[in-house]
Structure formats: C-alpha cells, structure tokens
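No experiment lies behind these values; they were computed from the predicted model shown.
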Amino acid sequence: MKNNYTGRRNFIKKATALTGAMAGLSFIPAATWATDNYAADSKTGSIPKIIAPPKGPMANDQNIIGPKDGYSAQIGTLVSMMAWLRPQVINSIKSLSVEQLDFLLDDKANTIGALAFHLAATDAFYHEHTFKGIEWGKWDPSVNEKFGAAMELGDEGRKKIKGNNAQFYIDILQQTREHTLAEFKKRDDKWLMTVDEKWYWGPTNNYCKWFHVTEHESHHLGQMNLLKSRLPGAKSTNNG
C-alpha cells in the first residue's frame with residue numbers, strides 16, 4: 001500500500017474539501033461538547049468544541065454519523081464512519097462460494113477473498129503502528145506471517161490466499177476490527193490529533209491514518225463489487 005501514498009494524499013485533500021462543504025448540511029441541534037480542557041483555537045491546533053452526541057434511541061444508530069457512547073467525541077465520529085461502511089463489505093461476500101471468492105479476473109487481478117483479507121490486514125498493521133508505536137514495516141514476525149501476504153497482495157497474495165470460505169474472511173475482519181475498537185476506547189482525542197512528522201506522505205495525525213483505513217476500505221469494496229459483477233454467471237445489478 002506504500003506505493004499508493006501519493007494518490008491517497010490527493011484523495012484525502014479532495015475528501016477534506018468535500019467533507020467541509022457537507023458539514024453545513026447538518027441539521028443536528030447545535031449543542032456543544034468540549035473535549036477535556038481544549039479551547040476552540042484553530043491557530044494553536046487544539047481541538048474545537050463539537051456537536052454533542054445524540055441522546056436516546058438514536059444515540060448509536062448506524063446511520064447517525066457522530067460521537068458514540070464509549071468513545072471520545074472525535075474517535076466516536078471516526079468509529080461511526082467505520083461502522084457504517086463495514087456491513088457493506090460483509091454483505092458483499094457473505095453469500096459467495098469458495099470458488100467465487102477465489103475467482104481471478106486475469107493473472108494480474110486480486111481475488112475477492114484476498115481483498116477481504118487485505119482489509120483485515122490493514123486494520124492489523126495500523127493497529128501495530130498507531131497503538132503500539134511500531135515503525136511501519138518493522139513488524140513482529142508473527143504478525144507479518146499472518147497478514148503480510150494479504151497486505152501486499154500481488155503474486156504472493158494470489159499464491160497464498162485461496163481455499164477459504166466466506167466465514168473465514170468475515171471472522172478475520174471481525175477479529176481485527178474488535179481489536180481496533182477496544183484500543184480506541186482506551187484513547188482520547190488528544191491522541192487522535194497527535195501528528196507523526198515522519199510519515200510517508202508528510203506530517204499526518206492518527207485521525208488521518210485511520211480515516212485512510214476507512215476510505216481504503218471503500219476503495220476496495222468497489223473493486224470487490226466489480227469482481228462480483230464479473231463472476232461467471234453473474235447477473236447485472238444496479239449497484240455492482
């Protein structure tokens with residue numbers, strides 16, 4: 001995924017502008033919630049006051065993007081975006097056979113199963129990097145053995161990632177995401193905003209790194225749906 005960092009940075013720049021434009025469309029009541037002792041000062045980089053989490057039955061509704069119970073405000077908002085996207089991935093693969101999960105469109109393509117494993121690997125490696133402070137690429141051998149081929153894909157992925165049923169991929173996606181969410185609950189917005197000055201595409205905070213994990217999942221979901229539409233005998237649909 002390192003080879004795609006320049007493209008990712010361009011994507012994030014465009015996504016940031018779009019997100020800013022869409023923010024004005026919110027109809028949530030403008031109550032404010034202040035993170036622990038932070039002033040709303042963009043010049044100093046401190047975290048601004050934000051809209052309070054909703055109360056009552058809607059508080060943790062999947063279609064409410066925003067702060068969530070059990071997390072700091074900004075982390076909860078990130079989690080809500082991750083949670084909105086993940087069921088689409090699961091629904092995309094849950095009914096596929098092993099043969100369909102292993103289908104290769106051509107000798108340069110990735111399989112649907114490999115892409116699902118890749119999403120789990122992305123969670124796992126960003127977990128190691130952002131939660132444990134491990135420099136990118138200097139992984140524990142046991143982690144690299146389990147997730148390395150899935151992270152890199154290509155020839156190694158085509159060779160090693162096959163013969164697994166849908167539940168295998170759903171389980172690994174769930175396990176890695178549960179580990180991520182458990183660590184998010186231990187951290188606050190100050191950690192989320194912490195900037196890594198040495199990151200590959202330039203100074204980048206933990207928020208951007210995990211937002212990248214989210215948009216990266218959306219990117220590969222599109223690929224998975226395209227591959228589904230090319231499966232032998234696949235019927236044309238309106239949404240891939």
Side-chain angles (χ1 to χ4, degrees), residues 1 12 15-16 19 23 26 28 31-40 45-91 116-136 139-140 142-143 146-147 150-151 169-196 199 204-218 220-221:
M1 194 163 61
I12 290 168
T16 301
T19 301
S26 175
I28 300 175
T32 58
W33 183 92
T35 54
D36 295 345
N37 300 318
Y38 295 122
S46 53
I47 302 170
K49 295 181 179 181
I50 66 170
I51 294 170
K55 303 296 184 182
M58 289 199 309
N60 288 303
D61 189 283
Q62 181 179 324
N63 296 319
I64 303 297
I65 298 297
K68 298 297 178 185
D69 292 344
Y71 303 93
S72 63
Q74 297 280 6
I75 291 177
T77 299
L78 172 64
V79 165
S80 72
M81 291 185 276
M82 297 170 80
W84 193 89
L85 182 59
R86 178 53 60 88
Q88 299 181 58
V89 174
I90 302 302
N91 288 336
F117 206 160
H118 178 70
L119 297 180
T122 303
D123 253 49
F125 282 124
Y126 273 85
H127 178 113
E128 295 291 300
H129 172 63
T130 63
F131 299 143
K132 297 183 180 180
I134 295 174
E135 184 178 344
W136 194 268
W139 314 117
D140 183 280
S142 64
V143 176
K146 184 173 183 178
F147 293 107
M151 192 65 182
Y169 296 114
I170 291 170
D171 287 346
I172 198 70
L173 284 163
Q174 182 175 347
Q175 290 164 12
T176 52
R177 181 53 54 85
E178 286 178 350
H179 292 160
T180 294
L181 297 179
E183 291 299 322
F184 277 154
K185 288 183 176 181
K186 300 175 185 178
R187 286 162 174 79
D188 58 18
D189 290 342
K190 185 176 182 180
W191 170 85
L192 192 67
M193 299 299 179
T194 300
V195 176
D196 179 354
W199 189 241
T204 304
N205 61 11
N206 287 323
Y207 205 154
C208 185
K209 289 178 181 181
W210 281 100
F211 177 75
H212 167 61
V213 173
T214 308
E215 62 89 10
H216 175 256
E217 185 158 324
S218 178
H220 286 304
L221 175 61

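- Rounding to the nearest 0.5 Å places NZ of Lys185 at 12.5 Å from OG1 of Thr180.
- Nearest heavy atom pair, residue Thr176 against residue Asp123, reads O-OD2, 3.6 Å.
- With respect to Phe184, the ring-ring contact (aromatic ring centres under 6.0 Å, His included) criterion is satisfied by exactly one of Phe131, Tyr71, Tyr207: Phe131.
- For the atom pair CZ (Phe211) and CG (Leu78), the distance works out to 9.0 Å, reported to the nearest 0.5 Å.
- Residues Phe125 and Val143 meet the side-chain proximity criterion, which asks for heavy atoms closer than 4.5 Å.
- Rounding to the nearest 0.5 Å places CD of Glu215 at 11.5 Å from CE of Met81.
- Remark: Asp196 pairs with His129, Lys198, Trp199, Lys209 by the side chain to side chain contact (heavy atoms under 4.5 Å, CB included) rule, at least two apart or across chains.
- By the salt bridge (Lys or Arg N to Asp or Glu O under 4.0 Å) test, Glu183 pairs with Lys186, Arg187, sequence neighbours left out.
- Taking CD1 of Ile172 as the reference point, atom CD of Gln175 lies at 4.5 Å (rounded to 0.5 Å).
- A donor atom on one side chain and an acceptor atom on the other are found under 3.5 Å apart for Asp189 and Ser72.
- Counting only residues at least two apart or in different chains, salt bridge (charged side-chain N to carboxylate O under 4.0 Å, His left out) contacts with residues 71-90 comprise Arg86-Glu217.
- With rounding to the nearest 0.5 angstrom, the CD1 atom of Ile90 is 13.0 Å from the OH atom of Tyr169.
- For the residue pair Pro87 and Gln62, the shortest heavy atom distance occurs at CG-NE2, 3.7 Å.
- Atoms CG and OG, on Asn63 and Ser80 in that order, are 10.5 Å from each other to the nearest 0.5 Å.
- The side-chain heavy atoms of Asn205 and Trp210, taken from C-beta on, include no pair separated by under 4.5 Å.
- Two residues are said to be in side-chain contact when any heavy atoms from C-beta on lie closer than 4.5 Å; Asn206 and Met193 fail this criterion.
- Annotation: side chain of Asp188 is not in contact with side chain of Gln74 (no heavy-atom distance under 4.5 Å).
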